[in-house]
Structure formats: structure tokens, C-alpha cells
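Worksheet: one structure, shown below.
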Amino acid sequence: NETLKLAFSVAMVMAQPPNTRGGGRDHGGRRKHLRRVVLSSRPMAVPAVVYLVVNLISYPALERINASVFTAVSQLKVLTVQY
């Protein structure tokens, strides 16, 4: 699911027409911009991986507990992060 979002985002960046104002950007400029964004996003890698793991764990958890209990525990996560 998250991989699909990433692939779609990269495809949308690559599909944008070159900017005709300001000198224009070719595919090399887009790749350079994409590389800069990825490298500057390294601090977000840990929370992103944790988010991915929690999403993957949530499906087996839903099979084992009631939906209401799962929702209550999920809401408790929000309260614990707040403090």
C-alpha cells in the first residue's frame, strides 16, 4: 500500500511538464530534485518504518480481537503520543 503511494508520487513528479519559465528543467533536474528530497527526508525514515510496521501488524490484530477493542487501543496510541 505504501509502496504504491511512493511509486505514484514518483510517477507524478516525473510526468510533470518541464518548467518553461526560469530556464526549464529536464529529467536530470527532476532526478536531482527527487534525490535532494529523498536525502533530506532521512530523519523521517524511522517514523515511516514504524508506521509501516504498525499498519502491517494491525491486520492480524483485527483478526484476533474485537473491532471495538482495536479501535480503543488505537485511540490510546494518540493519547500516549500527546504526552
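One is the number of the first residue; the rest follow in order along the sequence.
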Between atom OG1 of T71 and atom CD1 of I65, what is the distance when rounded to the nearest 0.5 Å? 8.5 Å
Heavy-atom check, side chain of V54 versus side chain of I57, under 4.5 Å: no
Has the side chain of R64 got a donor or acceptor atom that lies under 3.5 Å from a matching backbone atom of P60? yes
Kindly determine whether V49 and V46 satisfy side-chain contact (heavy atoms from CB on, under 4.5 Å), including the steps that lead there. CA-CA 5 Å; V49 170; V46 173; 5.9 Å; no
What distance do L62 atom CG and F70 atom CZ have between them, rounded to the nearest 0.5 Å? 4.5 Å
